[in-house]
Amino acid sequence: MLKTTLDKWGRLTAEQRQAIDFTQSKWALTQKLQSFCEENEVTLTRLAELEMIHVIENPNQGMWYTFQLLDPEDDAQSLELSEFKQQFKCHLSELLRQVSVKIKKHTDEAVWIRIAWGGSFSKPNHLKPTYVVHHLQTPYFFVRNLTSKLKPLLSQALTLATRHQGVKEANLSGRNLASIRDLLMRQYQHVFPTKYPSPHDEEDQPVLNQHIEKEQGHVATHRRRMAREVFGDGTLPQLQSAVYKLDTKFKDPSNRTMTEREDTFKCVVKFSSTNLLESLRSCASSGIASAPVTPLLSSIPLKGRNYFVVTDNTPGPSSQRH
């Protein structure tokens with residue numbers, strides 16, 4: 001992987017690349033690369049290019065969070081890359097003087113932004129950069145490694161550079177950048193079974209014997225059908241978690257102590273998996289989860305989000321009527 005990245009980087013000579021033994025330990029390999037960079041007088045900015053190439057080629061090695069731009073101006077759709085780069089760097093530099101920004105357009109038309117943040121009296125820290133991925137003419141951007149302190153600065157710079165009026169969190173996160181992008185931009189399509197039997201139908205036929213009643217086979221078939229009606233029959237986007245924040249009144253006539261409390265009952269429920277949607281479909285099909293699938297779980301692919309707030313459905317502020 002490193003050999004391919006160094007070839008794309010193009011800052012080492014052919015002789016230097018041939019002299020590198022990629023079977024060495026990480027420490028020895030680092031020392032060799034460092035000596036070549038010193039020999040070629042490669043600057044820190046050039047080294048940042050090497051890291052950026054690696055991150056673009058391997059985007060699923062960190063957690064991505066999504067944001068949505070709001071209220072576009074009339075000319076937002078006509079924004080070009082050159083103008084966006086100039087405006088973003090200009091606005092971010094006005095908000096924070098010590099900052100290093102590098103912008104690169106990928107082959108899939110995505111604009112990748114690498115930001116090394118500095119402080120009032122400190123130079124940009126290139127060891128902990130923030131990465132932003134944005135498709136021009138869309139209201140979404142994806143962020144990795146951003147602290148809450150720096151979030152307002154990035155949001156303001158992106159809002160101004162893209163000609164929008166505001167920004168909000170899209171309540172979707174994950175390690176697989178392509179999956180959360182497809183869900184958020186509605187590029188993911190459910191693939192439902194046709195009227196003809198699919199390979200899954202043939203594989204899922206229950207094996208009956210004299211000890212298993214026919215009714216049990218009908219129940220199993222019904223579960224699988226309901227699971228496919230919710231999640232489809234094709235490949236599902238890879239999400240790693242779904243978080244539900246509960247903020248409700250406790251309701252139980254047998255427990256007056258809890259029911260009569262003025263404070264709401266709060267807790268957080270989190271589902272985790274290497275492929276959450278596939279796990280939910282499997283649980284529903286096998287009967288581990290009851291059918292029909294609750295809307296709290298089935299709405300993950302439909303709404304393109306994996307963070308939900310569940311509150312009492314009573315009159316009050318809009319934030320309390322979820």
Heavy-atom pair with the smallest gap, counting every atom of [X] and [Y]:
X	Y	answer
Val293	Ser298	CG1-N, 4.1 Å
Ile300	Leu277	CG2-CD2, 3.8 Å
Phe231	Leu297	CE2-O, 4.4 Å
Gly118	Leu96	O-CD2, 3.6 Å
Ser155	Val167	CB-CG1, 3.4 Å
Asn306	Ser241	ND2-O, 3.0 Å

Are the side chains of [Y] and [X] in contact, using a 4.5 Å heavy-atom criterion?
X	Y	answer
Leu47	Thr43	no
Leu158	Phe84	yes
Pro301	Leu236	no
Pro237	Leu183	yes
Tyr131	Val55	yes
Val243	Phe271	no
Thr259	Lys251	no

Problem - Qualifying side-chain hydrogen bond (donor to acceptor under 3.5 Å, both in side chains) pairs with a residue from residues 140-153, counting only residues at least two apart or across chains - result: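 Qualifying pairs, neighbours excluded: Lys151-Glu169.
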Exercise for the section: If a pair satisfies side-chain hydrogen bond (donor to acceptor under 3.5 Å, both in side chains) and one of its residues is in residues 19-34, list it, with sequence neighbours excluded. Expected result: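 Those involving residues 19-34 are Asp21-Thr23, Gln34-Glu38.
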Do the side chains of [X] and [Y] join up, straight or via other hydrophobic residues, at under 4.5 Å, putting them in one cluster?
X	Y	answer
Leu136	Ile56	no
Phe67	Phe308	no
Met63	Trp112	no
Leu296	Leu276	yes
Leu150	Val132	yes

Could you tell me whether a side-chain N or O of [X] sits under 3.5 Å from a main-chain N or O of [Y], the two making a donor and an acceptor?
X	Y	value
Asn40	Arg11	yes
Ser122	Gly119	yes
Ser179	Leu239	no
Ser285	Arg224	no
Arg163	Leu160	no
Arg305	Tyr307	yes
Gln16	Thr13	yes
Gln240	Arg175	yes

[atom1]-[atom2] distance between [X] and [Y], expressed to the nearest 0.5 angstrom:
X	Y	atom1	atom2	value
Ser286	Ile288	OG	CD1	3.5 Å
Gln86	Ile103	CD	CD1	10.5 Å
Ile20	Glu15	CD1	CD	12.0 Å
Asn60	Asn176	CG	CG	4.5 Å
Asp263	Lys266	CG	NZ	7.5 Å
Gln18	Lys3	CD	NZ	8.5 Å

Handout entry: Derivation of the side-chain contact (heavy atoms from CB on, under 4.5 Å) call for Ile113 and Phe141
Key = CA-CA 11 Å; Ile113 307 172; Phe141 60 92; over 6 Å; no
Exercise for the section: Count the heavy atoms belonging to other residues, nucleotides or ligands that lie under 6.0 Å from NZ of Lys128, then report whether that count exceeds 12. Expected result: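 For Lys128, atom NZ is not crowded (no more than 12 foreign heavy atoms under 6.0 Å).
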Handout entry: Residues, nucleotides or ligands: over 12 heavy atoms within 6.0 Å of Glu39 CD
Key =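 For Glu39, atom CD is crowded (more than 12 foreign heavy atoms under 6.0 Å).
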Exercise for the section: Apply side-chain hydrogen bond (donor to acceptor under 3.5 Å, both in side chains) to Gln68 and list each qualifying residue two or more places apart in sequence or on a separate chain. Expected result: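 Gln68: no side-chain hydrogen bond (donor to acceptor under 3.5 Å, both in side chains) contacts found.
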Problem - All side-chain hydrogen bond (donor to acceptor under 3.5 Å, both in side chains) counterparts of Lys8, not counting sequence neighbours - result: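 For Lys8 the side-chain hydrogen bond (donor to acceptor under 3.5 Å, both in side chains) partners, ignoring immediate neighbours, are Glu57.
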Practice task
Give the other cluster members for Phe265, using side-chain heavy-atom distances under 4.5 Å between Ile, Leu, Val, Met, Phe, Trp and Tyr residues; answer none if it is isolated.
Solution key: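 Phe250, Met258, which link up through side-chain heavy atoms under 4.5 Å apart, make up the rest of the cluster.
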Quick one: list whatever passes salt bridge (charged side-chain N to carboxylate O under 4.0 Å, His left out) with [X], sequence neighbours left out.
X	result
Glu278	Arg281
Lys102	Glu49
Lys270	none
Arg97	none

Practice task
Take Trp64 and Val143 through the side-chain contact (heavy atoms from CB on, under 4.5 Å) test and state the conclusion after the steps.
Solution key: CA-CA 5 Å; Trp64 293 93; Val143 182; 5.6 Å; no
Problem - Residues that Pro124 engages under side chain to side chain contact (heavy atoms under 4.5 Å, CB included), provided they are two or more places apart - result: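 Only Gln98, Ser100, Ala116, His126 meet the side chain to side chain contact (heavy atoms under 4.5 Å, CB included) criterion with Pro124.
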Problem - side chain to side chain contact (heavy atoms under 4.5 Å, CB included) partners for Thr5, two or more places apart - result: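 Thr5 satisfies side chain to side chain contact (heavy atoms under 4.5 Å, CB included) with Leu50, Ile53, His54 only.
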For residues 69-81, run the donor-acceptor check on the side chains, cut-off 3.5 Å, and write out each pair with its distance to 0.1 Å, sequence neighbours left out.
unit_1, atom_1, unit_2, atom_2, d
Glu73, OE2, Gln165, NE2, 3.2
Ser78, OG, Asp75, O, 2.8

Handout entry: Asp312 with Lys249: basic N within carboxylate O range, under 4.0 Å
Key =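 Here Asp312 does not pair with Lys249 in a salt bridge, since their nearest N and O are not under 4.0 Å apart.
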Exercise for the section: Establish, from distance only, whether the side-chain atoms of Asp252 and Ser254 form a donor-acceptor pair under 3.5 Å. Expected result: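 Side-chain D/A pair, Asp252 to Ser254: present.
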Exercise for the section: Determine whether the side chains of Thr311 and Asp247 contain a donor N or O and an acceptor N or O closer than 3.5 Å. Expected result: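 Judged by distance alone, the side chains do not pair up.
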Exercise for the section: Walk me through it: do Trp117 and Leu92 pass the test side-chain contact (heavy atoms from CB on, under 4.5 Å)? Expected result: CA-CA 10 Å; Trp117 305 92; Leu92 196 58; 4.0 Å; yes
Problem - Step-by-step side-chain contact (heavy atoms from CB on, under 4.5 Å) determination, Leu6 to Phe22 - result: CA-CA 11 Å; Leu6 288 174; Phe22 292 96; 4.0 Å; yes
